[in-house]
**Student:** 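Quick one: the structure is below, and I'll ask about it shortly.
Order of the sequence lines sets the chain letters (A, B, ...), proteins ahead of strands, with each chain counted from 1.
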Amino acid sequence: MISIDMIKNDQEKVERAIEKRGMKIDFKPLFELDSKRRELLNKVDVLKSKRNQESAKVPALKKEGKDCSEIFKEMKMLGEEISSLDEQVSKVEEEIFNFLAPIPNLVDEDVVPGGKEANQEIRSFGEKPTFSFEPLSHIDLCKINGFIDYQAGAKLSGNGHWIYTGEGAELEWALINYFINQHLEDGYKFILPPHMLGYKCGFIAGQFPKFDDEVYWLDEKSKTGKFLLPTAETPLASMYQDSIIPEQELPIKMFAYTPCYRREAGSYRTEERGMIRGHQFNKVEMFQITTPEGSDAAFEELVSKAEKLVKGLGLHFRTTKLAAEDVSATMARTYDIEIWIPSMGIYKEVSSASNARDYQARRGNIKYRDSKTQKTLFVNTLNASGLATSRLFPALLEQYQNEDGTIRVPEVLQPFMRGKTVIGKGK
RNA sequence: GGAGAAGUACCCAAGAGGUCGAAGGGGCUCCCCUGCUAAGGGAGUAGGCUUGUAAAAGGGCGCGAGGGUUCAAAUCCCUCCUUCUCCGCCA
């Protein structure tokens, strides 16, 4: 959420940032609402002040045995005026909220305008692997090795669901453990949040109201109902809602492992077979809460942590800085770490690292107390996957396959697989 | 799922329609005393949001949240949330 003050202070800057997303917003109605609100508040506050003063006199008058009915009559009329004005105030405030809430975050100055085509690769690691034999796709590799049971998954839950079986499940779990271990070593706090969340979490994280159709609602979609988390970012962003964090506790560094549940309605189903896009996938999510001054460094840290994980697996990837239209509405900047999937001949996102600046903090009223001024200020929130397995797993199988269809286990995963160096029974 | 009780400031807690920005205690801060420590004495310790302004002064809101009754609500009524206790259910 952006604020009226941000717009007032530098309207040009705000407009520039929004234009980069290919949008245009006329703020005039907002300013009108704002001055109307002030006007109403000034009026009603004077009346309330008068009511308070008069009411304070009553006990003394009563003690003297004087008649107060005249005052009561007058105050009753005042009271009616007050409640009518109060009503107008809350209506205007609601309109202001409805105006501001859907406005996307302001992208950083250095984020270029445009869509996907304007994304810039900022660095890459490793090379596209070459094979001396005809490599198999991860789908075939899973089938011959019995890592994944797609058919049974579909039987249980329909399209977009799969079952990790045997060494496939072991590999999946080893990946998750490898991530968790790295984050613990880096001093991040381990969080296991609930998977069923209330509406407000979705609002704070910025997914609602726009994307409230893309999550699974456990009952009917409503402000009181619960939905299954689409990413652990949603609960992590909401953990500190309505609180003031002492500055010395910042930055807060944490991570969570959860499955992610997504409807993925209208996705590119044919291209994305296998586990590229499913309704449930595993992800470890990193999250940081920082001061505004600390958030750039935190962002770099998150990106490099995600890169380190992929590097550790020895997988070829590139890091891309997203152009404005590709940055999600909640975020000011996003870097994607994309991994090479040989059978598809494309890079797929395994981590998305973003700085929300104070956008989520405003939505969730998350503040910190500045140690010098003692003032309360909004925190910055940042998140990055670290990592999602559903793209990593296929890339790993394909990049680590042997000619006989077995899979070499990357060294970093071996400790989590009881020392195994090769998995699968092969062709 | 059912029944009951409770939610007041950093913590505990009084408060039962008007002078309650809310008693008291603990904690914390400062000072005094005691050669250290323990103990004692004194003073201070409500914020958050908002309005207003050049800055201020001043004003509004505030006792879990939201409504309502009333001239007036921490206090009465309703709804919701949370916590605790008891009962039920047991993956």
**Student:** With rounding to the closest Å, how many angstrom separate the P atoms on rG42(B) and rU51(B)?
**Tutor:** 43 Å

**Student:** Base, sugar-phosphate alone, or nothing: which one does Lys73(A) contact when heavy atoms must sit under 4.0 Å apart?
**Tutor:** nothing

**Student:** Using atom CZ of Arg38(A) as one end and atom P of rU53(B) as the other, report the distance to the nearest whole Å.
**Tutor:** 9 Å

**Student:** Taking the side chain of Ser55(A) as its heavy atoms from C-beta onward, which of rU51(B), rG18(B), rG48(B) lies nearest to it?
**Tutor:** rG18(B)

**Student:** What nucleotide among rG48(B), rG18(B), rG60(B) has an atom nearest to a side-chain atom of Arg369(A)?
**Tutor:** rG48(B)

**Student:** May I ask which nucleotide in the shown strands pairs with rG4(B), Watson-Crick or G-U wobble, both distances under 3.5 Å?
**Tutor:** rC84(B)

**Student:** Need to verify one output field. Residue with the more 5' nearest nucleotide on RNA chain B, Lys76(A) or Gln53(A)?
**Tutor:** Gln53(A)

**Student:** Validate the cation-pi geometry between Lys367(A) and Phe378(A): distance from NZ or CZ to the six-membered ring centre under 6.0 Å, angle to the ring axis within 45°.
**Tutor:** yes

**Student:** Report, as yes or no, whether the 6.0 Å neighbourhood of atom CD on Glu411(A) holds more than 12 heavy atoms from other residues, nucleotides or ligands.
**Tutor:** no

**Student:** Taking CE from Met75(A) and P from rA73(B), how many angstroms apart are they, rounded to a whole number?
**Tutor:** 13 Å

**Student:** Counting only side-chain N and O atoms of Lys50(A), is one of them less than 4.0 Å from OP1 or OP2 of rG59(B)?
**Tutor:** no

**Student:** From the options rG59(B), rU51(B), rG48(B), select the nucleotide whose nearest atom is closest to the side chain of Ile244(A).
**Tutor:** rG48(B)

**Student:** Could you give the distance separating rG25(B) and rU45(B) at their C1' atoms, to the nearest angstrom?
**Tutor:** 14 Å

**Student:** Looking at the base of rG59(B), is there any donor atom on it, or on the side chain of Asp45(A), that sits under 3.5 Å from an acceptor on the other one?
**Tutor:** yes

**Student:** To the nearest angstrom, how far is Leu40(A) atom CG from rG52(B) atom C1'?
**Tutor:** 16 Å

**Student:** In whole Å, measure the gap between the C1' atoms of rU75(B) and rG18(B) for me.
**Tutor:** 11 Å

**Student:** Indicate whether any N or O donor in one side chain lies under 3.5 Å from an N or O acceptor in the other, for Thr231(A) and Lys283(A).
**Tutor:** yes

**Student:** What closest approach, in Å, do Ile366(A) and Gln360(A) show between heavy atoms, and which atom pair accounts for it?
**Tutor:** CD1-O, 4.5 Å

**Student:** Among the nucleotides rC71(B), rC49(B), rU51(B), which one has an atom lying closest to any side-chain atom of Val58(A)?
**Tutor:** rC71(B)

**Student:** Syn or anti for rG66(B), given that syn means the glycosidic angle lies within 90° of 0?
**Tutor:** anti

**Student:** Rounded to the nearest Å, what distance is computed from the CG atom of residue Asp242(A) to the P atom of nucleotide rU82(B)?
**Tutor:** 15 Å

**Student:** What is the base-pairing partner of rC90(B), counting Watson-Crick and G-U wobble geometry with both distances under 3.5 Å?
**Tutor:** none

**Student:** Starting from P on rA73(B), measure out to CD1 on Ile82(A) and report it in whole angstrom.
**Tutor:** 10 Å

**Student:** Just name whichever nucleotide pairs with rG27(B), Watson-Crick or G-U, keeping both distances under 3.5 Å, else none.
**Tutor:** rU45(B)

**Student:** Provide the Watson-Crick or G-U wobble partner of rA9(B), both distances under 3.5 Å; none if there is no partner.
**Tutor:** none

**Student:** When you get a sec, tell me which of rC71(B), rG60(B), rG48(B) is the closest nucleotide to the side chain of Asn52(A)?
**Tutor:** rG60(B)

**Student:** In the strands shown, is rC76(B) matched to any nucleotide by a Watson-Crick or G-U wobble pair with both distances under 3.5 Å, and which?
**Tutor:** rG68(B)

**Student:** I'd like the P distance from rG66(B) over to rU8(B), given in whole Å.
**Tutor:** 16 Å

**Student:** Could you check which nucleotide pairs with rU19(B) in any of the strands shown, counting Watson-Crick or G-U wobble with both distances under 3.5 Å?
**Tutor:** none

**Student:** Please give, in whole Å, the distance from rC49(B) C1' to Arg362(A) CZ?
**Tutor:** 14 Å

**Student:** Give a yes or no on whether Met6(A) atom CE has more than 12 heavy-atom contacts from other residues, nucleotides or ligands under 6.0 Å away.
**Tutor:** yes

**Student:** State, without any angle test, whether Thr320(A) and Asn119(A) hold a side-chain donor-acceptor pair at a distance under 3.5 Å.
**Tutor:** no

**Student:** Roughly how many Å apart are rG41(B) and rC49(B), using the P atom of each and rounding to a whole number?
**Tutor:** 38 Å

**Student:** Please give the nucleotide sitting opposite rG40(B) as a Watson-Crick or G-U wobble pair, both distances under 3.5 Å, or none.
**Tutor:** rC32(B)

**Student:** rC32(B) and rA13(B): how far apart are their C1' atoms, nearest whole angstrom?
**Tutor:** 30 Å

**Student:** Please tell me which of the listed nucleotides, rC71(B), rG52(B), rG48(B), lies nearest to the side chain of Asn42(A)?
**Tutor:** rG52(B)

**Student:** Nearest-Å distance, CZ (Arg51(A)) to C1' (rG18(B))?
**Tutor:** 14 Å

**Student:** Determine: side-chain N/O of Ser49(A) to OP1/OP2 of rG58(B), distance under 4.0 Å, yes or no.
**Tutor:** no

**Student:** For Arg37(A) and rU50(B), is the shortest distance between a side-chain N/O and OP1 or OP2 below 4.0 Å?
**Tutor:** no

**Student:** So, Gln182(A) versus Tyr188(A): side-chain donor-acceptor pair below 3.5 Å or not?
**Tutor:** no

**Student:** If you find the nucleotide of RNA chain B closest to Phe72(A) and the one closest to Lys375(A), which residue's nucleotide is nearer the 5' end?
**Tutor:** Lys375(A)

**Student:** Just how far, in rounded Å, is P of rU51(B) from CD1 of Ile96(A)?
**Tutor:** 10 Å

**Student:** So, Phe255(A) versus Phe190(A), ring centres under 6.0 angstrom or not?
**Tutor:** yes

**Student:** Contact class for Leu41(A) vs. all strands (heavy atom < 4.0 Å): base, sugar-phosphate, or nothing?
**Tutor:** sugar-phosphate

**Student:** How far does the C1' atom of rC30(B) sit from the matching atom of rA22(B), given to the nearest Å?
**Tutor:** 25 Å

**Student:** Using atom P of each nucleotide, how far apart are rA3(B) and rG59(B) to the nearest Å?
**Tutor:** 47 Å

